[in-house]
Amino acid sequence: MDRIIIRGGNRLTGRLPISGAKNSALTLLPCALLTDEPVTLRNLPRLADVDSFGHLLNQLGVSTMVEGARPEDFGRVMTLRAGRVTSTVAPYDIVRKMRASILVLGPLLARAGEATVSLPGGCAIGNRPIDLHLKALEAFGARIEITAGYVKAIAPDGGLPGGTVTFPVVSVGATENALMAAVLANGTCILDNAAREPEIVDLCHLLIAMGAEIEGVGTDRLTVVGKPRLHGATYAVMPDRIEAGSYACAAAITGGDVDLVGARADDMQAVLAALRDAGVEVEVKRDAIRIAAAGRLRPLTLSTAPFPGFPTDMQAQFMAMLCMADGASVLTETIFENRYMHVPELARMGADISVNGRTAVVRGVPKLTGAPVMATDLRASMSLILAGLVAEGETIVNRIYHLDRGYERLEEKLQTVGADIERNNDD
Ligand code: EPZ
């Protein structure tokens with residue numbers, strides 16, 4: 001099984017390219033189901049989850065063609081075409097490996113009038129229910145049945161009549177499924193307390209490019225006037241704000257000076273503000289965001305929150321960085337119930353972290369020491385990489401298939417800015 005070996009201590013300097021956003025790509029791909037015309041996505045990141053999603057769409061009758069990209073290029077172009085939907089079932093063996101598969105529910109229901117998707121089940125960071133997805137589809141007029149581990153959504157003959165859903169909790173995925181169901185409805189759909197993440201804005205922009213009518217883009221109230229059909233479009237995936245934030249932490253923790261090329265500051269205000277509060281220099285340039293550490297990091301008090309708050313997907317990375325701060329930081333994880341799996345692994349490297357429920361106290365230490373550690377989930381894995389970059393000695397990160405789901409060619413990117421990092425196979 002692949003693993004990553006890091007010998008810590010190098011300052012990272014230079015220019016590091018940021019790829020297309022995983023969490024945008026995974027909601028833009030199923031939009032191809034909403035039309036029989038070709039949809040071309042540019043700047044698609046080369047990630048395991050993107051490949052898995054392509055295979056799922058193939059099973060539903062969507063053709064996917066990847067335009068030739070040179071091996072050294074980051075990202076690629078994919079043209080998808082759902083001339084005819086040949087299946088409306090997303091099977092358990094696919095959904096259990098990639099819970100984002102649930103995002104075919106809305107578009108299949110909209111295009112084919114029905115959808116049957118395996119319940120995704122929980123994952124390492126929480127039980128991840130989909131009740132809000134189903135609440136939205138029911139509010140728009142769908143009938144929902146749950147049997148034998150599958151959810152089946154059925155639209156009345158002639159399509160969804162439309163309606164209003166008020167989300168009791170902000171949910172990115174439920175907002176995405178609701179939007180993709182609403183764009184082909186027979187009436188108007190209103191989403192109240194909708195998620196405002198940049199990935200939702202990216203989805204709205206693609207849907208509008210395909211002919212959808214959506215008001216309130218970027219706000220927590222979205223109004224969608226359904227259309228009889230959508231047409232094809234070509235669209236570039238937004239840059240990955242979490243990848244950029246992760247590498248910003250890499251520059252900060254190593255006392256480095258790195259340009260994050262292609263990163264979009266508007267998507268990252270809470271993360272950039274937190275970096276500045278920690279004493280990191282942040283300079284927004286024309287084509288990049290420069291991150292330069294100057295001296296010891298200052299401790300922080302941070303709570304995760306829906307956008308525009310501090311993103312839960314950056315909590316583990318900041319925890320690793322704050323292990324090197326001058327003093328005690330307090331992190332509170334408000335979104336997921338079990339997102340501290342990285343703590344025991346960081347502790348094996350000498351971190352001083354105590355967790356009480358949703359709150360973690362991170363006491364800065366003079367140094368971390370390299371060790372063999374185990375990746376448990378995507379962002380926890382990145383926190384171990386970050387710790388390895390600054391630790392004395394060698395760190396071996398096992399089970400790095402977690403990383404390959406969300407970080408395109410991670411070791412190559414870190415090598416370009418001077419990290420002593422390599423991938424090998426421990427067989
Ligand atoms: C998306 O997950 C992201 N994944 C996650 O990124 C991200 O952490 C999360 O949004 C929050 O920003 C993708 O976009 C593929 P939610 P999602 O629905 O949509 C509860 C990463 O590391 N909830 O916003 O599943 C849920 O349990 C991944 O890139 C319900 O109760 O997240 C959680 O507590 C991890 N019922 C909260 O809402 C529902 O029906 C927010 O979840 C849905 C969600």
Side-chain angles (χ1 to χ4, degrees), residues 1-8 19 22-23 26 45-52 96-100 120-128 240 242-250 253-254 304 311-324 331 333 335-351 353 355 360 362 368-391 393-415 419-427:
M1 189 176 286
D2 280 1
R3 62 188 183 172
I4 279 183
I5 300 167
I6 308 168
R7 281 165 286 276
S19 298
K22 166 183 84 86
N23 288 349
L26 294 179
R46 296 177 193 225
L47 296 170
D49 275 7
V50 170
D51 293 341
S52 305
R96 73 183 173 85
K97 290 179 206 141
M98 186 186 60
R99 48 173 304 103
C123 74
I125 64 176
N127 74 0
R128 313 281 297 270
D240 195 316
I242 304 300
E243 184 198 27
S246 302
Y247 289 127
C249 291
I253 200 170
T254 59
T304 62
T312 173
D313 292 348
M314 283 299 305
Q315 177 257 111
Q317 301 91 309
F318 263 68
M319 182 180 283
M321 183 182 76
L322 292 168
C323 288
M324 305 310 294
L331 304 183
E333 173 54 66
I335 307 291
F336 290 109
E337 62 267 31
N338 186 34
R339 205 165 195 177
Y340 287 133
M341 308 273 278
H342 41 288
V343 170
E345 295 305 300
L346 289 170
R348 298 186 61 248
M349 299 176 71
I353 306 167
V355 173
V362 184
L368 293 176
T369 308
V373 288
M374 190 72 74
T376 52
D377 59 87
L378 172 56
R379 307 306 174 181
S381 314
M382 181 47 108
S383 78
L384 301 178
I385 296 287
L386 296 174
L389 289 171
V390 71
E394 185 174 86
T395 297
I396 299 173
V397 183
N398 296 291
R399 291 191 187 168
I400 56 164
Y401 56 85
H402 292 293
L403 273 170
D404 294 336
R405 304 188 56 171
Y407 291 95
E408 181 177 10
R409 297 161 62 182
L410 170 134
E411 67 276 9
E412 285 177 55
K413 292 193 177 186
L414 285 170
Q415 284 163 359
D420 182 349
I421 182 171
E422 62 181 323
R423 175 189 293 250
N424 77 14
N425 190 302
D426 62 357
D427 293 339

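Note that this is a predicted model, so its numbers are computed, not measured.
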Between Gln415 and Ile421 the two heavy atoms that sit nearest each other are NE2-O, 2.7 Å
Side chain to side chain contact (heavy atoms under 4.5 Å, CB included) partners of Val390, counting only residues at least two apart: Ile253, Met324, Leu368
In Å, rounded to the nearest 0.5 Å, how long is the span from CG of Asn398 to CD of Glu345? 9.0 Å
In Å and rounded to the nearest 0.5 Å, what is the CD1 to CG distance from Ile125 to Leu378? 9.0 Å
Does Ile6 form a side chain to side chain contact (heavy atoms under 4.5 Å, CB included) with Asp420? I'd like the steps, not just the answer. CA-CA 6 Å; Ile6 308 168; Asp420 182 349; 5.8 Å; no
Side-chain donor-acceptor pair present, Gln315, Thr304, cut-off under 3.5 Å: no
Could you tell me whether the side chain of Pro120 reaches within less than 4.5 Å of the side chain of Arg96, counting heavy atoms only? no
For Tyr247, give me all partners under ring-ring contact (aromatic ring centres under 6.0 Å, His included), at least two apart in sequence or on another chain. none
Hey, does the side chain of Glu422 reach the backbone of Asn424 with a donor-acceptor pair shorter than 3.5 angstrom? no
Which atom of Gly388 lies closest to which atom of Thr395, heavy atoms considered: CA-OG1, 3.6 Å
Check Leu386 against Cys249 and note the closest heavy-atom contact, atom names and distance. CD1-CB, 3.8 Å
Would you list the pairs meeting side chain to side chain donor-acceptor pair (under 3.5 Å) in which at least one residue belongs to residues 375-385, sequence neighbours left out? Arg379-Tyr407
CZ of Arg399: more than 12 outside heavy atoms within 6.0 angstrom? no
Specify the closest pair of heavy atoms between Lys413 and Glu408, including all atoms of both residues, with the distance to one decimal. CE-O, 3.4 Å
Heavy-atom check, side chain of Asn23 versus side chain of Asp313, under 4.5 Å: yes
Separation of His342 NE2 from Met349 CE (nearest 0.5 Å): 13.0 Å
Find out whether Ile242 and Pro311 are in side-chain contact, i.e. whether some heavy atom of one side chain is under 4.5 Å from a heavy atom of the other. yes
Name of the residue among Val373, Leu384, Thr369 meeting side-chain contact (heavy atoms from CB on, under 4.5 Å) with Arg348: Val373
Please evaluate residues Arg3 and Val397 with respect to the criterion side chain to side chain contact (heavy atoms under 4.5 Å, CB included), reporting the C-alpha separation (whole Å), side-chain torsions for both, the decisive distance (0.1 Å), and the verdict. CA-CA 6 Å; Arg3 62 188 183 172; Val397 183; over 6 Å; no
Could you check whether any side-chain N or O of Gln317 sits under 3.5 Å from a backbone N or O of Ala320, counting only pairs where one atom can act as donor and the other as acceptor? no
Whether Arg423 and Glu412 form a salt bridge (side-chain N of Lys/Arg under 4.0 Å from carboxylate O of Asp/Glu) is what I want to check. no
Does Ala316 offer a backbone N or O that forms a donor-acceptor pair with the side chain of Arg339 under 3.5 Å? no
State, to 0.1 Å, how close Tyr401 and Met1 come at their nearest heavy-atom pair, and which atoms those are. CE2-SD, 4.1 Å
Supply the atom-to-atom distance Met374 CE to His402 NE2, rounded to the nearest 0.5 angstrom. 9.0 Å
Heavy-atom pair with the smallest gap, counting every atom of Leu47 and Lys22: CD1-CB, 3.6 Å
Separation between CD1 (Ile396) and CD1 (Ile5), nearest 0.5 Å, reads 5.0 Å
dist Ile4:CD1 -> Ile385:CD1 (nearest 0.5 Å) comes out at 4.0 Å
Taking the side chain as every heavy atom from C-beta outward, state whether Leu331 and Val362 have any atom pair closer than 4.5 Å. yes
Could you go through Asp49 and Lys97, starting from their C-alpha distance and side-chain angles, then the distance that decides it, and tell me whether this counts as salt bridge (Lys or Arg N to Asp or Glu O under 4.0 Å)? CA-CA 9 Å; Asp49 275 7; Lys97 290 179 206 141; over 6 Å; no
